[in-house]
Amino acid sequence: MLDKVYQPREVEARWTAAWKAAGVAHAEAGADPRSRYVIVIPPPNVTGALHIGHALNNTLQDVLVRHHRLRGRQTCWVPGTDHGGIATQNVMEKQLKAEGRTRHDIDRGEFLKRMQAWTAECKSTIMGQLERLGCLLDMGREAFTMDDVRARSVLHAFQEFAKSGLIYRGERMVNWCVRCGTALSDIEVEYEEQKGRLWHFRYQCPEGGGIVVATTRPETMLGDTAVAVHPDDARYKSLVGRALRHPFLGRAMRIVADTYVDPAFGTGAVKVTPGHDPNDFEIWQRHKGEMEGPIRVIDFHGKMTPEAGDGFAGLSRDQARKLVVERLEAEKLLVRTEEHRHSVGVCYRCQQPIEPLLSCQWFMKMRPLAEKALKASEDGRFKLSPASWDEPYRNWLKNIRDWCLSRQIWWGHRIPVWYCLKCNGLSAGEPAMSQSAWRDSKREMRYEVGAQMPAKCGGCGSAEFVQDPDVLDTWFSSALWPLSVFGWPERTRDLKFFYPTTVLVTGYEILHLWVARMQMMGLWFEGKVPFEDCVIHGIVRDRHGKKMSKSLGNVVDPLLMMDKHGTDAFRFSLAMQAYPGKDIPYSEDSLKGPRNFANKIWNSTRFVLMNLPERPPEGGYRLDRLDKSRLELADRWILADFQAMSARFEERMAAYEFAAAADEVYAFLWDEFCDWYVELAKPRLAGEDADMVRTILVQALVGTLKLLHCFMPYITEELYQALKAYAGEDAPLLLLSKPPSLREWAAPDAVERMRAVKDIVTALRTVRSQFNVPPGLQIAAFYSAKDASARSLVADNLSYILHLSRLSSLEASEKRPPHSVTTAVGDLVFYVSLEGIDIEDEKIRLKKEIGRLSEEIRRCDERLSDKTFMDRAPQAEALKLRERCRQAAAKKAALLDILKSLEDG
RNA sequence: GGGCGCUUAGCUCAGCGGUAGAGCACUGUCCUCACACGACAGGGGCCACAGGUUCAAAUCCUGUAGCGCCCACCA
């Protein structure tokens with residue numbers, strides 16, 4: 001016998017093991033390719049334990065995998081992890097910091113060794129957590145973005161791109177994170193609105209006069225080489241071409257005209273710092289002849305360089321700013337300062353301000369790839385869900401810019417580029433390989449691409465090379481994920497069978513960072529989209545919509561939630577709120593309903609089992625053995641309702657409407673099956689229909705469990721096992737059984753009639769409640785019917801009504817019996833016998849109800865007499881309205897009658 | 001500066017052209033022999049505001065206000 005309350009713990013451990021042993025998660029290449037259902041996991045970074053966002057993401061994937069597995073698809077869900085580049089290196093650097101060291105205190109090899117150890121530990125934690133969540137991942141396929149197979153994919157892709165001329169080394173303005181010590185791509189920079197100031201100061205002309213510029217970063221003026229104004233700006237037209245003198249450095253500068261300048265902002269004159277501002281860099285490119293080029297005054301550590309001049313060199317950016325302002329003031333050049341809000345670029349990993357710096361990096365031309373991806377999106381080969389993401393996605397592709405591929409960190413795929421020492425004039429053991437010097441190198445370099453050091457230089461024949469010290473952006477390997485997990489570029493069986501995959505499930509925050517790049521790579525190399533559908537879900541936030549963060553203390557720990565409330569409840573709490581593309585407000589309270597629901601399922605099965613014989617009958621209780629002609633209203637109704645619900649369920653699943661699908665089953669099981677059918681089954685289980693009722697209980701319940709399984713795998717498996725023999729099934733696991741039958745049990749008449757019975761019962765219960773009749777007390781009631789059909793509604797379903805309304809009797813009576821209260825339902829009037837009721841109270845109650853009905857009739861009449869409505873509205877609408885009006889009028893008349901008799905005494 | 005989204009019951013959100021829904025919270029009666037993680041009944045909404053389209057609008061269109069997100073090189 002099952003416990004009274006569902007205890008998830010032991011059940012979960014048991015089924016995790018059983019699924020694994022049975023290998024239900026495993027898929028082999030082969031068989032019918034149309035039956036494939038393939039998902040690659042968005043690989044979590046190996047930065048630590050999984051958070052609730054991962055739980056959501058993986059729950060939704062598992063829902064899809066289990067759903068399709070049960071329906072006979074050959075599902076393959078590929079697990080894996082991402083080395084995570086900067087993010088993971090930061091974790092390790094924090095660990096080192098705790099030991100009082102930095103990565104430079106241990107060498108690169110030692111550092112990588114420690115990373116490997118950490119990664120191994122982290123991977124097993126993550127896989128364990130995914131298993132705990134119930135994920136049906138094909139564990140034998142576990143991949144890592146930096147393992148040998150994936151390294152080959154990365155190398156191949158890099159070589160191919162290099163061959164096609166898409167990859168190039170160039171000196172560009174990059175987003176430099178001083179804290180992380182590396183360049184970042186444009187999409188790795190986040191912007192924060194900050195309070196700042198705008199300083200207005202004057203540059204003097206040697207021959208007198210000058211021009212006032214405005215800046216938010218005074219310290220960069222040490223690198224200024226020009227001032228720009230708009231060519232049409234009347235205020236400055238005469239000044240264009242004039243010379244200026246840098247007040248601290250004595251440098252000669254020039255006023256140039258450039259349309260980039262907005263005359264309306266600040267003073268309409270912009271100081272130009274080509275070495276530390278991407279726009280200014282571009283201004284210089286347009287005015288090379290008129291002005292000096294970039295001067296680096298801030299170094300890669302955020303300190304002022306010697307070129308910043310005496311007194312400034314060696315200062316931090318903040319110190320330099322202070323000093324610059326002081327000296328401007330001292331020289332009476334500072335005109336004024338004002339408060340100013342502006343957005344500041346910060347590192348997406350450490351939130352420190354980004355410093356735009358000029359350096360040598362590897363870039364990739366993206367336009368040719370983006371064009372293919374754009375086309376795939378526009379012609380429908382690739383669909384985002386919800387589709388509202390299509391526009392932002394396409395716009396991003398249309399405006400794509402070159403991708404800065406190199407990162408000055410150690411953790412990642414080393415850039416497979418070898419520089420010839422001789423040709424490039426480098427000395428062996430190159431001390432200049434210290435990273436900042438390397439990045440300053442402006443020379444054209446001769447290099448070879450490959451995993452290993454080349455045997456001979458193609459130019460000079462030398463065999464001495466040095467490898468580029470940088471690594472690739474972590475997203476480069478992520479972009480290849482759907483290919484690399486199947487062994488690409490090898491033409492493996494897996495690649496041929498499982499690529500392209502079916503669907504990708506991810507959050508919108510990495511739509512560009514990851515999704516778009518996978519599309520581009522997949523299309524470029526294989527000519528096919530890597531996945532046809534992409535399901536975009538939201539972010540899990542706290543209950544008030546704030547982002548979860550450790551510092552806010554509003555994080556919800558998935559493991560703790562699973563421990564406390566059960567994995568199924570946890571999964572359901574996420575899925576039931578997963579409306580397409582919407583963020584999910586979440587707190588521990590969100591688990592309460594789902595936890596109760598799990599218990600409800602548990603107990604409804606417990607009830608059914610209590611009413612089954614110890615041994616299942618031969619072949620089980622099967623629907624196809626029922627004598628359909630003997631089915632009662634409730635039987636036909638619940639089967640029809642199940643069919644209708646499961647059809648809606650399938651539709652919602654097909655549209656990735658997880659929350660709506662979950663709600664369908666929830667409502668069916670609780671509000672229909674438990675609240676009505678089970679209640680009606682109780683008395684019948686003692687009668688001669690018992691086996692028929694058992695059949696329907698078992699089949700409806702098993703069907704529901706099967707639909708629910710993808711959301712709540714553990715409890716449904718446990719209960720399925722207890723029920724399966726009774727259902728005449730012998731599958732070892734729920735997933736290996738037949739999906740719920742979609743056989744035609746539709747019965748609109750039964751649904752309609754059951755609706756009427758429910759209305760009667762509810763009305764009678766309401767009366768009981770209004771007069772505080774204890775549930776245990778059975779009372780007598782009478783009814784009068786308007787016509788034969790109304791009479792048969794009661795007569796045919798007398799036992800239902802007696803049982804559900806807890807009546808001792810229900811007899812026909814044309815007149816109101818004494819000591820009774822009246823209620824009207826449809827074309828019926830009921831009199832419920834109650835001792836000691838106050839006639840005055842009853843009159844008031846009736847008047848109130850009559851008033852309500854009058855109002856309804858008035859509203860209906862109003863519309864029915866509206867000529868334009870009658871002319872233009874569909875006929876069905878008018879019919880519906882007329883019927884509603886008729887019923888209300890009948891009720892009102894009946895109640896008026898009673899009221900009159902009461903008033904007459 | 002563009003683009004997208006949100007504003008519905010105390011809270012969190014569904015619904016997106018035909019009489020307002022769910023979960024949680026709340027009130028009343030009940031430990032009715034599956035479940036008090038329960039049953040039954042109930043209270044509670046000018047569906048942000050202003051216009052428009054329509055026989056009919058929470059639902060479509062336009063505008064306004066507030067909030068949020070994404071993108072963008074404004075010093």
Side-chain angles (χ1 to χ4, degrees), chain A residues 2 4-6 173 186-187 191 198 213-217 220 228 260-262 264-273 277-282 340 342-343 345 356 388-389 391-392 395-396 399 508-509 511-512 538-539 543-545 565 569 573 576-577 579 581-587 589-590 592-611 659-660 663 666-667 671 674-675 678-679 682 761-762 765-778 804-806 856 859-860 863 866-874 876-878 880-881 884:
Chain A
L2 304 180
K4 213 167 168 180
V5 172
Y6 172 53
M173 190 67 63
D186 292 329
I187 41 181
Y191 289 87
L198 201 55
V213 294
T215 180
T216 54
R217 299 195 58 196
T220 61
Y260 159 75
V261 180
D262 173 6
F265 186 88
T267 62
V270 185
K271 60 191 269 311
V272 183
T273 323
D277 185 289
N279 299 308
D280 294 1
F281 182 77
E282 282 171 24
H340 179 60
H342 61 130
S343 68
S388 54
W389 282 104
E391 272 311 301
N395 281 335
W396 188 76
N399 298 317
Y508 55 77
E509 71 275 16
L511 185 62
H512 306 320
I539 292 169
R543 103 180 69 186
H544 300 298
H565 309 288
S573 70
M576 74 184 291
Q577 290 190 88
Y579 293 95
K582 291 229 162 168
D583 286 351
I584 296 178
Y586 200 88
S587 73
D589 284 349
S590 310
K592 200 169 169 186
R595 194 261 327 245
N596 295 351
F597 180 49
N599 198 52
K600 189 73 181 178
I601 304 163
W602 185 260
N603 274 289
S604 47
T605 307
R606 185 161 161 258
F607 167 81
V608 171
L609 287 170
M610 281 169 60
N611 287 287
D663 190 57
Y666 182 99
D671 303 342
C674 289
D675 288 351
V678 165
E679 288 312 315
K682 283 174 181 172
V761 170
T762 302
R765 283 168 170 176
T766 302
V767 170
R768 292 182 64 114
S769 179
Q770 279 172 338
F771 291 89
N772 282 339
V773 181
L777 184 63
Q778 298 213 330
L804 294 172
S805 316
R806 298 191 173 269
E856 186 173 339
R859 280 210 313 264
C860 287
R863 297 190 63 195
D866 181 343
K867 201 162 172 327
T868 40
F869 171 78
M870 295 308 285
D871 285 350
R872 305 210 191 169
E877 277 311 309
K880 250 166 41 185
L881 203 59
R884 206 193 315 157

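Keep in mind the model is a prediction, meaning the values are calculated, not measured. When reading the values below, keep in mind they use all heavy atoms of this one structure, side chains included, and skip hydrogens, waters and symmetry mates. Throughout, protein chains are lettered first and strands after them, A, B, ... in sequence-line order, and every chain is numbered starting at 1.
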Which of these nucleotides, [options], is closest to any side-chain atom of [X]?
X: A:Val270; options: B:rA75, B:rA34, B:rU32; answer: B:rA75
X: A:Asp262; options: B:rC13, B:rC70, B:rA75; answer: B:rA75
X: A:Gln577; options: B:rU12, B:rA25, B:rG18; answer: B:rU12
X: A:Thr766; options: B:rA41, B:rA25, B:rA34; answer: B:rA41
X: A:Lys600; options: B:rG28, B:rA25, B:rA39; answer: B:rA39
X: A:Arg859; options: B:rC37, B:rU19, B:rG18; answer: B:rU19
X: A:Arg765; options: B:rC35, B:rA34, B:rC40; answer: B:rC40
X: A:Val678; options: B:rA34, B:rC74, B:rA41; answer: B:rA34
X: A:Ser769; options: B:rA41, B:rU12, B:rA25; answer: B:rA41
X: A:Tyr260; options: B:rA25, B:rU12, B:rC73; answer: B:rC73

Separation of atom [atom1] in [X] from atom [atom2] in [N], rounded to whole Å:
X: A:Trp602; N: B:rC35; atom1: CH2; atom2: C1'; result: 12 Å
X: A:Asp671; N: B:rA41; atom1: CG; atom2: C1'; result: 15 Å
X: A:Arg606; N: B:rA34; atom1: CZ; atom2: C1'; result: 5 Å
X: A:Asp589; N: B:rG10; atom1: CG; atom2: P; result: 18 Å
X: A:Trp389; N: B:rC70; atom1: CH2; atom2: C1'; result: 6 Å
X: A:Leu198; N: B:rC74; atom1: CG; atom2: P; result: 14 Å
X: A:Arg595; N: B:rC24; atom1: CZ; atom2: P; result: 11 Å
X: A:Leu881; N: B:rU19; atom1: CG; atom2: P; result: 10 Å

Worksheet item: Per the atom types in the model, does the base of B:rC35 pair as donor or acceptor with the side chain of A:Lys4 at under 3.5 Å?
Response: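 There is none.
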
Worksheet item: Donor-acceptor pair under 3.5 Å: do we get one between A:Lys582's side chain and the base of B:rA14?
Response: no

Worksheet item: With a distance cut-off below 6.0 Å to the six-membered ring centre and an angular limit of 45° from the axis, does A:Lys682 pair with A:Phe607 as a cation-pi contact?
Response: yes

With rounding to the closest Å, how many angstrom separate the [atom1] atoms on [N] and [M]?
N: B:rU32; M: B:rA39; atom1: C1'; result: 8 Å
N: B:rG68; M: B:rA56; atom1: C1'; result: 33 Å
N: B:rU19; M: B:rG3; atom1: C1'; result: 38 Å
N: B:rC61; M: B:rG44; atom1: P; result: 33 Å
N: B:rC46; M: B:rG1; atom1: C1'; result: 37 Å
N: B:rG23; M: B:rA14; atom1: P; result: 16 Å
N: B:rA36; M: B:rC31; atom1: P; result: 14 Å
N: B:rA58; M: B:rU7; atom1: C1'; result: 12 Å

Discussion item. Between A:Gly545 and A:Phe607, which residue's closest nucleotide on RNA chain B lies nearer the 5′ terminus?
Written reply: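 Taking each residue's closest nucleotide, the earlier one in sequence belongs to A:Gly545.
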
Discussion item. Please verify the inter-ring angle class for A:Tyr508 with A:Trp389; under 30° counts as parallel, over 60° as perpendicular, anything in between as tilted.
Written reply: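 Geometry flag for A:Trp389 against A:Tyr508: parallel rings.
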
Practice prompt. Could you tell me how the ring of A:Trp396 sits relative to the ring of A:His512: parallel (under 30°), tilted (30 to 60°) or perpendicular (over 60°)?
Written response: parallel

Worksheet item: Paired stems touching RNA chain B, three or more consecutive Watson-Crick or G-U pairs with both distances under 3.5 Å?
Response: B:1-7 with B:65-71, B:10-13 with B:21-24, B:26-30 with B:38-42, B:48-52 with B:60-64

Discussion item. Does A:Pro585 reach a base, just sugar-phosphate, or nothing at all? Heavy atoms under 4.0 Å.
Written reply: sugar-phosphate

Discussion item. Between A:Asn596 and B:rG38, is there a contact of a side-chain N or O with OP1 or OP2 at under 4.0 Å?
Written reply: yes

